[in-house]
Protein chains: 2
Amino acid sequence: MTVLEKRRRLTREDWLAKALDVLAEEGIGAVCIEPVAKALGVTKGSFYWHFEDRDELVERLLEYWETEHTDRLGDLVAADSSDPSEQLLTLLELVTPSDENRYDASVRAWARYDPRAAAHLTRVDQKRLDYVRDLFLMMGFSKEQADLRSRWSYYYMIGEYSVLAIPPSDDQRLDFARRRHRMLTAPPVPGCSVPAAQPAAGAAIAKENA
Amino acid sequence: MTVLEKRRRLTREDWLAKALDVLAEEGIGAVCIEPVAKALGVTKGSFYWHFEDRDELVERLLEYWETEHTDRLGDLVAADSSDPSEQLLTLLELVTPSDENRYDASVRAWARYDPRAAAHLTRVDQKRLDYVRDLFLMMGFSKEQADLRSRWSYYYMIGEYSVLAIPPSDDQRLDFARRRHRMLTAPPVPGCSVPAAQPAAGAAIAKENA
DNA sequence: TTCTTTATATACTCTATAGTATGATATAAG
DNA sequence: CTTATATCATACTATAGAGTATATAAAGAA
């Protein structure tokens, strides 16, 4: 396998991997046959050997993403510790706006207008939410508390790579993760049925810094 | 102005409004001149009278969105009360995944691959984050606490219309909003520098229900 | 070697869209 | 009524991308 070796011929997975890259970089609208072929150094004659049509590429691309690029986290976090609270902390600290979930963001943008993408993303979101929810249940929280807190945890991660305002520094991001972990694992504030009777917890707090 | 009145001629804003609708429904990729013209009951001869080219439409569409469809909230919430804590509650209860922010979601998806859209969205996100941050500052929280809590508030809203897992019911959504408000306005948990020493708040909590 | 299958190239067609050029029509001002 | 201007229609060109048909080359089986 020297550097000068003649280019090996492609598999369906080569196409999927490259298409997923293009999806992440430029969105589903840029996943066109000829440009991707060019990126692979072949022509579209190759494409129509491996796939029926573009529709099949798109469908298999979603399967490829769902099966090959969405399951890393559970293993990674579970391996880190068996304590649900520590697992949550690892999760909050580890899931950064870049890396793994660069694909997620693109699928999410795509899913807004394509029901096929939405179907796959729904499954993935549900699976992850259930995973985090189970952590809170294992900590002893009620079903409803676990539901709220898991959503709150997960939504923050989505916000981190969706909101385009100036993001916090890496240090601050980590600090935020730990503080969120603190608040999320603390017992629920009692008396939540009353809509909004308390007139601001304000002034009594003003000393807290850092 | 009877129902049978002959169709009035269009303005640039008519085009922008319709284009924004198409953007919300089918994404920026569907904002094409001829289809939008058809939706307006005219041909593209009209378009090229009101706009230089598609690029100008796109640019003005972003301006139109930013100036005409992103400022409602501040007024609405501020009118409701002058107490920052109550304003926050109104915000958390009021901002639903549908309505106003159907445009937001589309611009957000668009912004991922178009720097122009990203520039506008960044300003809007920053403005809103600052607004919420100010609420927490007025409540007496430190700068850092206000930063964390405002992001946590805002990110949840983004997650609400981004995450495609089965959403909670309307009642539960409102209940969640009130519970978040409770937790977000409560004083910070002390001793946050220690990474994760406490071995789960678990069993002691398990009685809480509803 | 010869045959077969796999993998890619080349040369087409067809459609959607952007953009242009120019003609038609309506509305208001004179 | 006439004219000018604002608004839109029609008929074109050009390009990008999907899809098809067929030729070609490489690799393995006979």
Side-chain angles (χ1 to χ4, degrees), chain A residues 1-62 64 106 109-110 113-117, chain B residues 1-62 64 106 110 113-114 116-117:
Chain A
M1 292 209 183
T2 76
V3 201
L4 294 173
E5 183 196 26
K6 227 192 301 183
R7 201 201 64 232
R8 104 186 137 76
R9 296 158 99 182
L10 302 177
T11 73
R12 197 200 306 258
E13 190 162 342
D14 291 325
W15 274 93
L16 290 173
K18 181 62 79 177
L20 194 61
D21 258 14
V22 174
L23 171 68
E25 295 299 322
E26 305 172 67
I28 188 59
V31 180
C32 305
I33 297 165
E34 277 168 321
V36 176
K38 196 168 183 181
L40 284 167
V42 295
T43 68
K44 62 181 172 178
S46 170
F47 174 84
Y48 284 102
W49 170 255
H50 296 285
F51 300 92
E52 191 60 33
D53 49 20
R54 185 179 182 275
D55 217 61
E56 193 199 338
L57 169 67
V58 154
E59 186 54 54
R60 295 206 187 279
L61 185 57
L62 284 168
Y64 179 67
S106 292
W110 175 13
Y113 312 106
D114 188 332
R116 286 172 305 183
Chain B
M1 293 208 183
T2 77
V3 201
L4 295 173
E5 184 198 24
K6 229 191 298 184
R7 200 201 65 233
R8 108 187 134 74
R9 297 158 99 181
L10 302 176
T11 73
R12 198 200 306 259
E13 189 162 343
D14 291 324
W15 274 92
L16 290 174
K18 180 64 78 178
L20 194 60
D21 259 13
V22 174
L23 172 68
E25 294 299 323
E26 305 171 69
I28 187 60
V31 180
C32 304
I33 296 165
E34 278 169 319
V36 175
K38 197 169 183 180
L40 284 167
V42 294
T43 68
K44 62 181 172 177
S46 171
F47 174 83
Y48 285 101
W49 169 256
H50 294 286
F51 300 91
E52 191 59 33
D53 50 18
R54 186 179 182 277
D55 218 60
E56 193 198 339
L57 169 68
V58 154
E59 188 53 55
R60 294 206 187 279
L61 185 59
L62 285 168
Y64 179 68
S106 292
W110 175 14
Y113 311 107
D114 187 332
R116 287 170 303 181

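The chains referred to below are lettered A, B, ... by the order of the sequence lines, with proteins before strands, and numbering in each begins at 1.
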Subject >> salt bridge (charged side-chain N to carboxylate O under 4.0 Å, His left out) partners for B/Glu13, two or more places apart >> reply: none

Original post:
Parallel, tilted or perpendicular: which fits the ring planes of A/Trp15 and A/His50, with parallel below 30° and perpendicular above 60°?
Top reply: tilted

**OP:** Can you tell me the distance, in whole Å, between the CG atom of A/Leu57 and the P atom of D/dG19?
**Re:** 10 Å

**OP:** Look at the side-chain N and O atoms of B/His50 and state whether any lies under 4.0 Å from the OP1 or OP2 oxygen of D/dA6.
**Re:** no

**OP:** Under 4.0 Å between any heavy atoms, over every strand shown, what does A/Tyr48 touch: base, sugar-phosphate, or nothing? Just pick one.
**Re:** base

**OP:** Report yes if a donor N or O on one partner sits less than 3.5 Å from an acceptor N or O on the other, where the partners are the side chain of A/Lys44 and the base of D/dG19; otherwise report no.
**Re:** yes

Original post:
Atom CD1 of A/Ile33 and atom C1' of C/dA16: how far apart are they, to the nearest Å?
Top reply: 15 Å

Original post:
In whole angstroms, how far is the C1' atom of D/dT20 from the CZ atom of A/Phe51?
Top reply: 18 Å

Subject >> Interatomic distance, B/Phe47 CZ vs C/dT20 C1' [rounded to whole Å] >> reply: 13 Å

**OP:** Look at B/Glu56 together with B/Arg12 and state whether they make a salt bridge at an N to O cut-off of under 4.0 Å.
**Re:** yes

Original post:
How close or far is atom P of D/dG19 from atom CG of A/Asp55, stated in whole angstroms?
Top reply: 8 Å

Original post:
So A/Phe51 and A/Val58, side chain to side chain contact (heavy atoms under 4.5 Å, CB included) or not? Walk me through it.
Top reply: CA-CA 10 Å; A/Phe51 300 92; A/Val58 154; over 6 Å; no

**OP:** Could you check how far CG of A/Leu10 sits from C1' of C/dA9, rounded to whole Å?
**Re:** 13 Å

Original post:
Rounded to the nearest Å, what distance is computed from the CZ atom of residue B/Arg9 to the C1' atom of nucleotide D/dT7?
Top reply: 4 Å

**OP:** Could you say whether B/Thr11 or B/Glu34 is positioned toward the 5' end of DNA chain D, judged by the nucleotide with the nearest heavy atom to each?
**Re:** B/Thr11

**OP:** Decide yes or no, distance alone: a donor-acceptor N/O pair under 3.5 angstrom between the base of C/dT17 and the side-chain of B/Arg54.
**Re:** no

Subject >> Residue list, ring pair (Phe, Tyr, Trp, His ring centres under 6.0 Å) with B/Tyr113, at least two apart or on another chain >> reply: none

Subject >> Nearest-nucleotide comparison on DNA chain C, the residue closer to the 5′ end among B/Pro35 and A/Trp15 >> reply: A/Trp15

Subject >> Nearest-angstrom distance from the residue atom NZ of B/Lys38 to C1' of D/dA9 >> reply: 15 Å

Original post:
Phosphate oxygens OP1/OP2 of D/dC8: is one of them under 4.0 Å from a side-chain N or O of B/Trp49?
Top reply: no

Subject >> Closest to side chain of B/Asp53, choosing from C/dG19, D/dC8, C/dT8 >> reply: C/dG19

